[in-house]
Amino acid sequence: MPNFLIKPDILIKNAQTVLTMDDRRRVLTEVDIRVRAGVIAEIGADLQGGEEVLQATGRVVTPGLVNTHHHLFQNLTRAVPGGQDALLFGWLRVLYPIWARLGPEHMRVSTQLGLAELALSGCSLSSDHLYLFPNGARLDDTIEAAAEVGLRFQPTRGAMSIGESAGGLPPDSLTERESDILDDMIRVVDAFHDPAEASMCRVGLAPCSPFSVSRELMRDTAVLARDKGVMLHTHLAENDEDIAYGLSQFGCRPGQYAEDLGWTGGDVWHAHCVKLDGQEIDLFARTRTGVAHCPCSNCRLGSGIAPLRQMRDAGVNVGLGVDGSASNDMASLWDEARQAMLLQRVAHGADAMSPYEALEIATRGGADVLGRPECGRIAVGKRADIAIWDVGGLASSGSWDPAALVLAGPRQVHDLLVEGVRVVAEGHLTTVDLPRLIERHGAMARALSTGD
Ligand SMILES: [Zn+2]
């Protein structure tokens, strides 16, 4: 297992193509990249030295991909019968009682499995949205588990407070008292949030959705986040049911709801936003409010095609998210980038989104949404989160343009550096024993399915 305190000098040698995603969007060929102390130190031809040399001949190099929306615990409930063919609200009603049986160990194991899956798809930085805490589970469980995997992690302390008896969607047993929620938000920020540029853990605050918390909690959380200097995250405008709930309960559309409660700004990002209208897109662009676009989940739940093209054209910060694995049900950032591109082509024609733009959204776009401009691009002085793709294999064999990565693959990364540490080496995780983890995780899911 690599020691994360020791960040070796690594020289990535002779990369065929580097999609830098830097400010000039340069695409470099036949170059070397020097990584030192977790930072990209030098980019150029014929660099020499370095403790460790990573040969990248015939490989494509990109920034590590960034996941802006996930519920890691949900990978214990992939493809649950009864939830496979339901819309959002019906799907949630099937799953809530199962999730009510999770505990701390489920959170730990699902976090590790989910981050391992993401790492192999080229993802170096992931957020997570944990909004239920049954049977003693805490955000701490996921943070400790993530540190062992070695991805940069931005967990958010989620919450649900309005249960069925008060007109909300979740069962009352999965909700918490709002004063307890706010106390625990303060606790986890004080204990775990690291604002440094090199930070491997930044904590955000994330009441679950308009249909599971009160307006007061949304407002109080926004005040708290600004006091603590942390980011805000929630679900917004996911599908027609969601819009109808907001109109009937609050008498307004999601844009106004967000604006009234302090949920716009560069320190806020909303998941989905499938149903934003033109005015709301302008509001998000003007206020620098971010969006986590989750195309596979939106397809799976039949929520619709998010106005990604319009959002990008208006200047909205957009990143990609795999969303929870109960609604995807896989968690590959590479797949999300491809799906984002394909969906916009379905909606607007084949010239609506290029493979390059899809990768830009998956890297630089996501990093900006998560408030990490020091990540998501390959440039001197940026954090060394780097994905190396072997384009000499089956999926990309015959490709005339291997740098158009999301057209021909590969779907899995060959090497992945996070903060200059090799988390994936030659297609294998260096940090966790994956076969053992899968065995443990599978056993947990089977026990949940049989009611043990
Ligand atoms: Zn979600």
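Both counts, for ligands and for their atoms, begin at 1 and track the order of listing.
Distances under 2.8 Å from the Zn ion (ligand 1) pick out the protein N/O/S atoms H69 NE2, H71 NE2, H235 NE2, D323 OD1.
Taking the six-membered ring where the residue is Trp, the centroids of F73 and Y131 are separated by under 6.0 Å.
Side chain of T234 to backbone of P207: a donor-acceptor contact under 3.5 angstrom is found. Side-chain N or O atoms of H272 include none that pairs as donor or acceptor with a backbone N or O of A237 at under 3.5 Å. W263 places no side-chain N or O within donor-acceptor distance of the main-chain N or O of Y257, the cut-off being under 3.5 Å.
Residues H233 and H235 bring no donor and acceptor atom of their side chains to less than 3.5 Å of each other.
Applying the side-chain hydrogen bond (donor to acceptor under 3.5 Å, both in side chains) rule to pairs touching residues 196-208 yields R202-E374, sequence neighbours excluded.
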